[in-house]
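The figures that follow rest on heavy atoms only: side chains count, while hydrogens, waters and symmetry mates do not.
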Amino acid sequence: MPKKKFYVVWNGHKKGVFTSWKVCKAQIEGFEGAQYKSFTDISEAETAATKRYEDYKGKNTKKPTLSLAEKAAYGRPNLESISVDAACSGNPGKMEYRGVLTHNKKEIFRKGPYKKGTNNIGEFLALVHGIALLKSKKKETLPIYSDSKIAMSWVKKKQCRTNLAFDASNKDLLKMIQRAENWLKENTFKNPILKWETKAWGEIPADFGRK
C-alpha cells in the first residue's frame, strides 16, 4: 500500500495543505509560477505551509519520518557548540565549506569555492578548520557537529582518504588538504566531534540549503 502524501501549495489557485494529488493538481494546473511540494508527514506539511517555498525548494521531503518515540531516543543536540558543513556542485565540482554557531546559525567561517573538489573533502576541511579555530580561542571543550561519518573518520585517522585526482586547476585545494593533515599530526585537541542526526533533528545548522 503506497504511503500517504500531503501536498503544500504556496502559490496556486488556492493555498494550503491538501491530502490528495488530485486536489493539489487542481490548484496548480494552469497557474503560472505555481509553488508546491509533497510531504510524507502531516505535521511537517503544516509547518512548511507557514514558511516560504524557498525554504524547501530542492530538498528531499519524501524521506520516511521518525516517530516521536524514535526522535526522543536521539535526544536533543547540544546548542552550545559549532556546526560545520560543505556544499559541492558536481563530483568533482565547485566546493565550499563553512562553520556556524549551532544555536543561532551565525556564520563564523567560510572558505571557497574551490575548483574540482568533493563534498567529503569539504566536510573534512570544515572539521579541521573548526577544531583549529576553537583551539586557537582556547575553547577546547566546545563540541563540533558534522553530518558526515566519512569526514569524521578521516579526522580520526588524520588523513583525507580521497581518490580525487589533482592537477594545476585544483592545486590550491591539495595544499589545503596537506595543511589540514599536517595540523592534525602536529596538534592535539579535546573538542568532542559529534554526529548530527539529520533524520531526527533536520538539516545541520551549517547546511547551505542546496539539496
Can you give me the closest heavy-atom contact between [X] and [Y], atom names plus distance?
X	Y	value
Gly117	Leu173	CA-CD2, 3.5 Å
Glu123	Ser146	OE1-OG, 3.9 Å
Pro143	Leu194	CB-CD1, 3.7 Å
Lys135	Asn187	CE-OD1, 3.9 Å
Ala206	Ser83	CB-O, 3.4 Å
Ile144	Gly130	CD1-C, 3.8 Å

Between [atom1] of [X] and [atom2] of [Y], what distance do you get to the nearest 0.5 Å?
X	Y	atom1	atom2	answer
Leu174	Arg179	CG	CZ	12.0 Å
Trp10	Gln27	CH2	CD	14.5 Å
Asn191	Ile131	CG	CD1	7.0 Å
Ser153	Ile193	OG	CD1	12.5 Å
Phe6	Ile42	CZ	CD1	4.5 Å
Asp207	Lys105	CG	NZ	8.0 Å

State whether the side chain of [X] and the backbone N or O of [Y] hold a donor-acceptor pair below 3.5 Å, judged by distance alone.
X	Y	result
Asn170	Phe166	no
Thr102	Ser81	yes
Glu44	Thr40	no

- In sequence, state the C-alpha distance, the side-chain angles, and the governing distance for Trp154 and Leu127, and then conclude on side-chain contact (heavy atoms from CB on, under 4.5 Å). CA-CA 10 Å; Trp154 285 357; Leu127 267 177; over 6 Å; no
- Query: If you draw a 6.0 Å radius around NZ in Lys195, do more than 12 non-hydrogen atoms from other residues or ligands fall strictly inside?
  - Reply: yes
- Task: Check the surroundings of atom CD1 in Ile150: do more than 12 heavy atoms from other residues, nucleotides or ligands lie under 6.0 Å from it?
- Result: no
Are side-chain heavy atoms of [X] and [Y] found at a separation under 4.5 Å?
X	Y	result
Glu54	Gln35	yes
Glu181	Cys160	yes
Asp85	Glu203	no

Say whether [X] and [Y] are linked into one hydrophobic cluster, either directly or through other cluster members, by side-chain heavy-atom distances under 4.5 angstrom.
X	Y	value
Phe208	Ile121	no
Val8	Ile28	no
Ile177	Tyr114	yes

- Under the side-chain contact (heavy atoms from CB on, under 4.5 Å) rule, what do Arg98 and Lys111 come out as? Steps first, then yes or no, please. CA-CA 6 Å; Arg98 70 174 186 155; Lys111 292 289 184 179; over 6 Å; no
- Message: Check this for me: does any side-chain nitrogen of one of Arg110 and Glu96 sit under 4.0 Å from a carboxylate oxygen of the other?
- Response: yes
- Does Trp196 have any ring-ring contact (aromatic ring centres under 6.0 Å, His included) partners at least two apart in sequence or in another chain, and if so, which? Tyr145, Trp201
- Message: Just to verify, which of Ile82, Asn104, Val100 counts as forming a side chain to side chain contact (heavy atoms under 4.5 Å, CB included) with Pro205?
- Response: Val100
- Do any pairs count as a salt bridge (charged side-chain N to carboxylate O under 4.0 Å, His left out) and have a residue in residues 161-173, sequence neighbours left out, and if so which ones? Lys116-Asp167
- Are Tyr7 and Trp21 an aromatic pair by the rule of ring centers under 6.0 Å? yes
- When the ring centroid of Tyr53 is compared with that of Tyr36, is the distance short of 6.0 Å? no
- Under the side-chain contact (heavy atoms from CB on, under 4.5 Å) rule, what do Leu184 and Val128 come out as? Steps first, then yes or no, please. CA-CA 8 Å; Leu184 290 172; Val128 179; 3.9 Å; yes
- Query: Where do Leu101 and Glu107 land on the side-chain contact (heavy atoms from CB on, under 4.5 Å) test, with the steps shown first?
  - Reply: CA-CA 7 Å; Leu101 299 177; Glu107 190 172 271; over 6 Å; no
- Item | Sequence-distant partners of Phe109, side-chain contact (heavy atoms from CB on, under 4.5 Å), two or more places apart | Val84, Tyr97, His129, Leu133
